[in-house]
Each structure stands twice: as C-alpha cells, then as structure tokens.
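What follows is one structure encoded as structure tokens, with my remarks underneath.
Keep in mind that the numbers below use all heavy atoms, side chains included, and drop hydrogens, waters and symmetry copies.
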Amino acid sequence: MQISEAESVVMEVLWRGSPRSSEEVITELSRDQDWQVSTIKTLLGRLVKKGAVKAAKDGRRFSYSPVLTREAWARSQSSNLLERVFDGRLAPLIAHFTETHKLSPKDIADVKRLLKDLDNGK
C-alpha cells in the first residue's frame, strides 16, 4: 500500500494512539503542521479509501484507527528504497550509510551482531 509523505504524518498520529476523532487528529497535527482543517480531513479520507485507516461512526462524529501497521509500512518503504536506489542489494545500502553518516560505536556493534546472527542462521 502506497501512502504519501503527508499521509504518513497523519498515520504517525494514529499509530501513537487510537482510535482518535478527526478533532483530536487536527489538534495534534496543528502543533507541528501548517495545514488547513480541510487538508487534514482530506488526508484522513484518502487513508480510509486506501484501506490504511478505518473510520467508525461514534455518534455524530467518526473515530479513526490504523489498519496499516507502522511495521508493515516501514517494511514496505525500506523494500521500495532498496529496490529503487540500490537494485535490491543490501551491501551498497549499508556502504552508503556508513560513508554518509557517522556511525556510533553502538551502531557498529549492532550491525556486527546482526551479521553474526545472520551467519548463525538466526
């Protein structure tokens, strides 16, 4: 499922806690985004139409909950990046990040542990 960058911002609000009314989503997004109320409602509607979010009638208003999990979205995004930019190969991706980002000793230890786990069939 493809969701836009703006839609992912709305999803982050829902992933932090749901169900949420549109008013709650608007309030939270208004703290960090300079979006009109109509824009936020449009984004919620798109997410419902895509099946990423479900809307449940709650009296006169709707409450929204994510259907798409953050983990599933992250998996999709990372796979898409790997395919588009690095021809599906992980080694060039890791090389790119090690060349362009300062890795902490903890990051290096974590990568070594992951590689060791892969070698041991975990």
Side-chain angles (χ1 to χ4, degrees):
M1 174 181 312
Q2 293 294 322
I3 59 174
S4 70
E5 188 173 331
E7 290 166 343
S8 73
V9 172
V10 175
M11 291 298 296
E12 286 291 345
V13 170
L14 297 174
W15 286 325
R16 284 194 292 269
S18 61
R20 300 251 181 129
S21 68
S22 58
E23 291 81 10
E24 291 170 319
V25 174
I26 290 164
T27 299
E28 188 160 338
L29 287 173
S30 295
R31 294 180 196 140
D32 299 322
Q33 304 294 324
D34 189 27
W35 291 345
Q36 299 293 320
V37 169
S38 60
T39 300
I40 297 169
K41 287 184 176 183
T42 296
L43 291 169
L44 282 167
R46 286 183 190 164
L47 289 165
V48 169
K49 187 174 182 179
K50 289 179 178 185
V53 169
K54 67 179 177 180
K57 190 112 166 116
D58 185 18
R60 293 184 52 202
R61 55 174 75 161
F62 285 92
S63 62
Y64 297 90
S65 300
V67 174
L68 177 65
T69 65
R70 189 173 203 309
E71 295 75 21
W73 177 73
R75 216 176 8 260
S76 167
Q77 291 295 104
S78 60
S79 293
N80 191 357
L81 172 71
L82 196 61
E83 289 299 323
R84 278 186 304 113
V85 180
F86 298 100
D87 199 27
R89 297 192 57 237
L90 191 55
L93 170 74
I94 293 170
H96 169 77
F97 279 107
T98 60
E99 292 167 2
T100 59
H101 296 79
K102 175 102 172 100
L103 296 178
S104 70
K106 183 185 179 326
D107 289 333
I108 293 168
D110 287 346
V111 170
K112 285 180 180 179
R113 182 186 47 78
L114 290 168
L115 292 173
K116 184 178 177 184
D117 287 350
L118 285 172
D119 270 348
N120 293 332
K122 292 183 182 176

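Of all the heavy atoms in Gln2 and Lys50, the pair that sits closest is O-NZ, 3.1 Å. For the pair Ala52 and Met1, the tightest heavy-atom approach, listed with the atom from each and the gap, is CB-SD, 3.3 Å. Across all their heavy atoms, Trp73 and Ser8 have their closest contact at CZ2-CB, 3.7 Å. Of all heavy-atom pairs between Ser21 and Arg61, the closest is CB-CD, 4.2 Å. For the pair Leu14 and Tyr64, the tightest heavy-atom approach, listed with the atom from each and the gap, is CD2-O, 3.7 Å. Residues Ile3 and Glu7 share a closest heavy-atom pair of CA-OE1, 3.2 Å.
Leu44 and Val67 sit in two unconnected hydrophobic clusters of ILVMFWY residues. Membership requires side-chain heavy atoms under 4.5 Å apart, directly or through other members. Hydrophobic clustering places Val48 together with Val37 (ILVMFWY residues linked when any side-chain heavy atoms are closer than 4.5 Å, directly or through intermediates). Transitive grouping of hydrophobic side chains (ILVMFWY, heavy atoms separated by less than 4.5 Å) keeps Val111 and Leu90 in distinct clusters. Leu115 and Ile94 fall into different hydrophobic clusters, where Ile, Leu, Val, Met, Phe, Trp and Tyr are joined by side-chain heavy atoms under 4.5 Å apart, directly or via other members.
For CZ of Arg89, the number of neighbouring non-hydrogen atoms (other residues, nucleotides, ligands) closer than 6.0 Å is 12 at most. Within 6.0 Å of atom NZ in Lys116, 12 or fewer heavy atoms from other residues, nucleotides or ligands are found, so the atom counts as exposed in its surroundings.
Between the side chain of Trp35 and the backbone N or O of Ile26, no donor-acceptor pair lies under 3.5 Å. Using modelled atom types, one side-chain atom of Asp107 and one backbone atom of Ser104 make a donor-acceptor pair closer than 3.5 Å. Panel note: side chain Ser79, backbone Ser76; no donor-acceptor pair is recorded below 3.5 Å.
Atoms CZ and CD, from Arg75 and Glu71 in turn, are 7.5 Å apart once rounded to the nearest 0.5 Å. The CD atom of Glu12 sits 11.5 Å away from atom CG of Asp32, with the distance rounded to the nearest 0.5 Å. Between the CZ atom in Arg113 and the CG atom in Leu118 there is a gap of 10.0 Å [rounded to 0.5 Å]. From Leu114, atom CG reaches atom CG of Asp119 across 11.5 Å, with rounding to the nearest 0.5 Å. The CD1 atom of Ile40 sits 11.0 Å away from atom CD of Glu23, with the distance rounded to the nearest 0.5 Å.
Taking 4.5 Å as the limit, every side-chain heavy atom of Lys41 sits out of range of all side-chain heavy atoms of Gln36. Side chains of Leu81 and Leu93 form a contact here, defined as non-hydrogen atoms less than 4.5 Å apart.
Using cut-offs of 30° and 60° on the angle between ring planes, the pair His96 and His101 is perpendicular.
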